[in-house]
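Below is one structure; the comments refer to it alone.
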Amino acid sequence: MISTKKVLTLHEIFSEQIGLPYGAPFAAISRILEYKLLKTLDAVTAVSLSICKWYSNLGIEVMYIPNAIDLDEMPREGLRLYDRHAIYAGRLSKEKGLDLLLEAFKNLEDVYLNILGDGPLRHYVEEYARKFPHMYYLGYQPRLTALKIHQG
């Protein structure tokens, strides 16, 4: 019989992220639920020391395994779309604060904002970007393309 292990990697503090868009009651409920879930796992890893410390203080054993970037994976040349640009590359969801980013860039007409990714807020981002000539939604992009744009 094959034995399987349950391992979870934490990239953020879940209950705090839930609390940002949905408020303290949801954060409190999610804190209880995440604790119960984490206690059922065989191993928990985290990509930052601050996440490790947070969950360790709750009594969860967490191993620190940082996200790594293989420098050999980085493209030799970047893809610069504009002289002055900022890039958001990630999941298009409320807890990422994308609505705040769009609002902040609304009045920065001398800086282009390129948004790469997909997620529940895709239609919101598409509509918002159409209203401003200095915002572009580029959709999901393969990792190499996203790295080229980021490096440009």
Side-chain angles (χ1 to χ4, degrees), residues 2-22 26-27 30-31 33-34 37-38 40-56 58 60-152:
I2 297 175
S3 173
T4 58
K5 300 287 183 182
K6 296 178 282 183
V7 178
L8 177 69
T9 299
L10 300 166
H11 292 263
E12 59 191 34
I13 299 169
F14 179 73
S15 58
E16 284 196 350
Q17 292 300 314
I18 291 298
L20 292 174
Y22 301 110
F26 282 97
S30 65
R31 196 170 297 118
L33 294 174
E34 76 178 329
L37 169 76
L38 293 173
T40 69
L41 301 173
D42 297 303
V44 178
T45 66
V47 299
S48 78
L49 289 172
S50 62
I51 294 171
C52 280
K53 183 177 179 181
W54 171 271
Y55 285 101
S56 293
L58 295 178
I60 306 293
E61 186 177 335
V62 183
M63 292 177 279
Y64 172 55
I65 303 176
N67 270 338
I69 297 175
D70 183 352
L71 295 179
D72 291 333
E73 232 181 75
M74 296 298 289
R76 298 287 178 234
E77 294 184 24
L79 175 62
R80 185 167 260 323
L81 301 176
Y82 306 99
D83 285 337
R84 294 184 58 169
H85 69 173
I87 299 156
Y88 172 91
R91 188 173 194 298
L92 308 181
S93 59
K94 189 172 182 177
E95 68 272 8
K96 299 290 186 177
L98 194 53
D99 55 334
L100 299 174
L101 178 69
L102 294 173
E103 187 67 25
F105 266 86
K106 181 169 68 175
N107 298 317
L108 294 176
E109 297 177 7
D110 60 335
V111 179
Y112 290 89
L113 175 61
N114 296 299
I115 304 161
L116 291 74
D118 200 0
L121 292 183
R122 185 182 79 226
H123 297 296
Y124 171 78
V125 171
E126 287 173 329
E127 286 180 32
Y128 202 98
R130 274 190 227 118
K131 296 177 187 176
F132 300 94
H134 62 291
M135 290 187 195
Y136 295 95
Y137 172 63
L138 304 176
Y140 171 81
Q141 298 296 317
R143 180 176 170 80
L144 184 59
T145 303
L147 288 173
K148 280 183 182 180
I149 294 171
H150 185 288
Q151 199 170 320

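Side-chain contact between Thr9 and Ile65: absent, with no pair of heavy atoms (C-beta onward) separated by less than 4.5 Å. In this structure, the side chains of Leu102 and Ile115 come closer than 4.5 Å at one or more pairs of heavy atoms. Within the 4.5 Å cutoff, side-chain heavy atoms of Ile149 are placed close to those of Leu138. For the pair Lys96 and Leu92, the minimum side-chain heavy-atom distance is 4.5 Å or more. Side-chain contact between Glu103 and Leu100 is absent, with no heavy-atom pair separated by less than 4.5 Å. With a 4.5 Å cut-off on side-chain heavy atoms, Asp118 and Tyr137 count as touching.
We find the CG-OH distance between Leu98 and Tyr88 to be 5.0 Å, quoted to the nearest 0.5 Å. Note that the CD atom of Glu109 and the CE atom of Met135 stand 9.5 Å from one another [nearest 0.5 Å]. Expressed to the nearest 0.5 Å, how far OG of Ser30 lies from CD of Glu16 amounts to 9.5 Å. A distance of 7.0 Å separates OG1 in Thr45 from NE2 in His11, rounded to the nearest 0.5 Å. Here the CG atom belonging to Leu121 is positioned 8.5 Å from the NZ atom belonging to Lys94, to the nearest 0.5 angstrom. A distance of 9.5 Å separates CD in Glu12 from CG in Leu20, rounded to the nearest 0.5 Å.
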Apply the test side chain to side chain contact (heavy atoms under 4.5 Å, CB included) to residues Tyr55 and Val44: give CA-CA distance (whole Å), side-chain angles for both, the deciding distance (0.1 Å), then the verdict.
-> CA-CA 10 Å; Tyr55 285 101; Val44 178; 6.0 Å; no
Taking it one step at a time, do Leu38 and Leu8 satisfy side chain to side chain contact (heavy atoms under 4.5 Å, CB included)?
-> CA-CA 8 Å; Leu38 293 173; Leu8 177 69; 3.6 Å; yes
Evaluation steps, side chain to side chain contact (heavy atoms under 4.5 Å, CB included), between Leu116 and Thr145 = CA-CA 10 Å; Leu116 291 74; Thr145 303; 5.7 Å; no
Test Arg122 against Tyr140 for side chain to side chain contact (heavy atoms under 4.5 Å, CB included), laying out the working first.
-> CA-CA 10 Å; Arg122 185 182 79 226; Tyr140 171 81; over 6 Å; no
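A donor-acceptor contact shorter than 3.5 Å is absent between the side chain of Asn114 and the backbone of Tyr136.
Identified under the ring pair (Phe, Tyr, Trp, His ring centres under 6.0 Å) test for residues 101-130, with sequence neighbours left out: Tyr82-Tyr112, Tyr124-Tyr128, Tyr128-Phe132.
Minimum heavy-atom separation, Ile18 to Ala27: CG2-N, 4.3 Å. Here the shortest heavy-atom pairing between His134 and Val111 reads CD2-O, 3.3 Å. When all heavy atoms are compared, the tightest approach of Ala46 to Cys52 is CB-SG, 3.7 Å. The two residues Val47 and Tyr64 have their closest heavy-atom pair at O-CE1, 3.6 Å. Gln17 approaches Pro21 most closely through the heavy-atom pair O-CD, 2.9 Å.
By the side-chain contact (heavy atoms from CB on, under 4.5 Å) test, Ala43 is found to be paired with Val7, Met63, residues two or more places apart in sequence or in another chain being considered. By the side-chain contact (heavy atoms from CB on, under 4.5 Å) test, Leu37 pairs with Thr40, sequence neighbours left out.
Atom CZ of Phe26 has 12 or fewer heavy atoms from other residues, nucleotides or ligands within 6.0 Å. Around atom CD of Glu61, no more than 12 heavy atoms belonging to other residues, nucleotides or ligands sit under 6.0 Å away.
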